[in-house]
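Taking it in order: structure first as structure tokens, then the write-up.
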Amino acid sequence: MKKAQIFYADIGDYLTREQKLKIIRNTKSIENLEMVELHPNKDGDWINLRNDEFAEYIPIAPEKKFDVASKSIFNTFAIGVATNRDTWVYGFSKETVTKNMKSMISFYNEEVERNRGVENKELQSDSKKISWTRSLKKDAEKEILHSFDEEQYVESIYRPFAKEHLYYHKPFIESPGLWKQLFPSKNHSNLVICVSGNGANKENGLIITDTIPDLNSLDAGSQCFPLYYYKENEETQNALFDEFNKDKYIRHDGITDWILKQSRSIYGKSVEKEDIFYYVYGFLHSKEYRTKYAADLKKMLPRIPLVDKKEDFWAFSKAGRQLANLHLHYETVEPISGLDVKFTGDMGNEYDYFSVEKLRFPSKDKKDTIIYNSHITISGIPEKAYEYIVNGKSAIEWIMDRYQVTVDKDSGIKNDCNHWAKEHKKPRYIYDLILSIINVSCQTVDIVNSLPKIDFGNNEKKEVVYPKIDENQGLLMVARPED
């Protein structure tokens, strides 16, 4: 039997459905397409082939979590929280989430009692009363009763630049992940860099947060790399004055000793693990890196080099700090100058005046203006602001997508973004947020454009060099910046 041949025609990226159909209509026959025969590489890729150089860079993820001897940048990572009942445990209103969860828990307990002692339990599935998952069904089968716990709330990054209340109570979170080791209590701070998971389709899946992110905050499941992680202090409390025993949790570094040693051997002894953390965040924004290894970054977790020049390492680290400061404190960034905001009608009650149903553009191709509501229009938005893409679309459009009033068709639960403003006693919260994000976007674009330009061997004159600096420590890959 003759082996099959597979041919492929690339009609271009980022086309709309209408544009694709038009190309098909105009082509009429596959004979009119310029096609190439495909052959898979060793990784099984047929199109968007991975680059062999990428595999030689330093992995940011360890092969085994919490491996302090790992020859990687981080020694652990976590996936975002997978609740499998987002509509119930997430919301802009803590009061609404509390009401819904108390109702669901009550129904759950009724089902447990109704089936107590029954061998083959029959649990009622009413989507307006409960959201069953595998783990919750197991609890019901074991006849475990649950109660509501007010202390289990956290603020979570549900989508880029969009926070919601999360009822983070283990019985109702299908996959709680390792977040109790990254944020063991409200008194323990941390930072995590999140990237898209393997198999992502959207571009620029990259955020930083100081709270727990949702699994779907980034495409294909957010994978999150912490500055620190915490472990319970297992030492006895006999030593009354022992500083080591004062805290219930002991903080550990998420950055490995190995990468610190490698970095100091190139850039000097002043390098600290925090500098490396911000270097990673800065470098992952590099346009040259993201373009050269676009296919790899969709199929694998990032691997990055240490740049050849000391000044470029510090430039990336400094830029990473600036970007982190912007992206972590996005709510308090001042509006940029040049915006034209028009207010009409009597303001009256501020909460009503600044409430939204759904932010929208006047038309698809007129994004310099946002119709906030029937009273407020924001114009003069710079085109540059839309260049900051995160997880497939601009940060501005993430705000427009998330901050609207929605009703879940299965449960009937209403999620009203205006409740967040009321609970935080900030009637202009959403209005201020959109103005802040416009500035965050513009500043991000400026910082990214100022990053050192890296040549990853795109021409014959320059190439990436890979010096072996320590045979006992393994091979360290270094990228040479352009002269």
Side-chain angles (χ1 to χ4, degrees), residues 16-17 80-111 122-137 139-140 146 148 152-169 171-176 201-202 212-222 352 355-361 364 370-374 391-393 396-423 429-430 433-434:
T16 64
R17 177 177 179 273
V81 173
T83 76
N84 285 24
R85 55 171 59 81
D86 287 6
T87 301
W88 293 84
V89 296
Y90 275 110
F92 288 111
S93 167
K94 183 185 288 188
E95 182 181 343
T96 299
V97 176
T98 297
K99 176 184 174 182
N100 291 330
M101 284 307 303
K102 283 183 175 180
S103 174
M104 189 179 92
I105 293 170
S106 176
F107 181 80
Y108 164 85
N109 288 336
E110 288 173 6
E111 285 299 288
E122 295 184 0
L123 302 172
Q124 296 185 58
S125 296
D126 186 336
S127 61
K128 294 189 181 300
K129 294 182 178 181
I130 196 167
S131 175
W132 289 107
T133 56
R134 183 175 56 182
S135 62
L136 194 59
K137 286 181 178 179
D139 284 357
H146 291 305
F148 180 82
Q152 298 301 322
Y153 274 109
V154 297
E155 285 188 3
S156 173
I157 290 292
Y158 186 64
R159 295 294 183 267
F161 304 108
K163 293 179 182 177
E164 293 191 30
H165 297 291
L166 168 61
Y167 183 65
Y168 188 60
H169 192 185
F172 304 99
I173 305 294
E174 187 70 5
S175 299
N201 293 313
K202 299 174 182 176
I212 300 173
D214 183 72
L215 176 68
N216 295 312
S217 58
L218 295 177
D219 195 22
S222 54
D352 292 338
S355 68
V356 300
E357 284 291 327
K358 180 175 175 60
L359 303 168
R360 61 186 179 87
F361 298 119
K364 288 194 299 183
I370 292 175
I371 299 173
Y372 181 87
N373 61 20
S374 60
N391 201 37
K393 59 186 171 187
I396 295 172
E397 287 167 293
W398 273 116
I399 301 301
M400 297 176 70
D401 177 76
R402 297 311 310 170
Y403 286 87
Q404 58 176 295
V405 179
T406 60
V407 178
D408 180 65
K409 63 179 181 180
D410 293 326
S411 64
I413 292 174
K414 183 177 182 180
N415 193 19
D416 188 340
C417 59
N418 299 295
H419 288 158
W420 186 272
K422 291 180 180 179
E423 288 186 1
Y429 177 85
I430 301 171
L433 178 62
I434 193 68

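Along the sequence shown, residues carry numbers from 1.
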Among all residues two or more places apart in sequence or in another chain, which pass the side-chain contact (heavy atoms from CB on, under 4.5 Å) test with [X]?
| X | answer |
| --- | --- |
| Asn84 | Ala82, Thr133, Glu174 |
| Glu95 | Ser93, Glu423 |
| Lys202 | Asp219, Asn391 |
| Asn100 | Trp88, Thr96, Ile413 |

Can you list everything that forms a ring pair (Phe, Tyr, Trp, His ring centres under 6.0 Å) with [X]? Sequence neighbours excluded, please.
| X | value |
| --- | --- |
| Tyr168 | none |
| Phe148 | Tyr167 |
| Phe172 | His146, His169 |
| His419 | none |

At what distance, to the nearest 0.5 angstrom, does [atom1] of [X] lie from [atom2] of [Y]?
| X | Y | atom1 | atom2 | value |
| --- | --- | --- | --- | --- |
| Asn415 | Thr87 | CG | OG1 | 8.0 Å |
| Asn418 | Gln404 | CG | CD | 11.0 Å |
| Leu136 | Leu123 | CG | CG | 8.5 Å |
| Asp86 | Ser411 | CG | OG | 11.0 Å |
| Ile212 | Ser156 | CD1 | OG | 6.5 Å |

Next item on the list: Using distance alone, with no hydrogens and no angle criterion, decide if Gln124 and Glu111 have a side-chain donor and acceptor under 3.5 Å apart.
Entry: yes
Check: Can you list every pair that meets salt bridge (Lys or Arg N to Asp or Glu O under 4.0 Å) and has a residue in residues 397-419, with sequence neighbours left out?
Finding: Glu164-Arg402, Lys367-Glu397, Lys393-Asp401
Next item on the list: Specify whether Tyr403 and Tyr429 have parallel, tilted or perpendicular ring planes, treating 30° as the upper limit for parallel and 60° as the lower limit for perpendicular.
Entry: tilted
Check: Which residues satisfy the salt bridge (charged side-chain N to carboxylate O under 4.0 Å, His left out) test with Arg159, sequence neighbours excluded?
Finding: Asp214
Margin query: Taking salt bridge (charged side-chain N to carboxylate O under 4.0 Å, His left out) as the definition, give me every residue that meets it alongside Lys94, ordered by chain and number, with sequence neighbours left out.
Written below: none
Given side chains that start at C-beta, do those of [X] and [Y] come closer than 4.5 Å, heavy atoms only?
| X | Y | result |
| --- | --- | --- |
| Val81 | Pro176 | no |
| Ser222 | Asn216 | no |
| Ile370 | Arg360 | no |

Next item on the list: Walk me through it: do Arg134 and Lys137 pass the test side chain to side chain contact (heavy atoms under 4.5 Å, CB included)?
Entry: CA-CA 5 Å; Arg134 183 175 56 182; Lys137 286 181 178 179; 5.9 Å; no
Check: Which pairs pass side chain to side chain donor-acceptor pair (under 3.5 Å) with one or both residues in residues 101-110, sequence neighbours excluded?
Finding: none
Check: After noting the C-alpha distance and the side-chain angles of Leu359 and Ile371, does the key distance pass the side chain to side chain contact (heavy atoms under 4.5 Å, CB included) rule?
Finding: CA-CA 6 Å; Leu359 303 168; Ile371 299 173; over 6 Å; no
Could you report the tightest heavy-atom contact between [X] and [Y], atom names first, then the distance?
| X | Y | answer |
| --- | --- | --- |
| Tyr372 | Ile430 | OH-CB, 3.6 Å |
| Ser217 | Pro160 | O-CD, 3.3 Å |
| Ile173 | Thr83 | CD1-CG2, 3.8 Å |

Check: Hey, which of Tyr153, Trp420, Tyr158 is the one that makes ring-ring contact (aromatic ring centres under 6.0 Å, His included) with Tyr90?
Finding: Tyr158
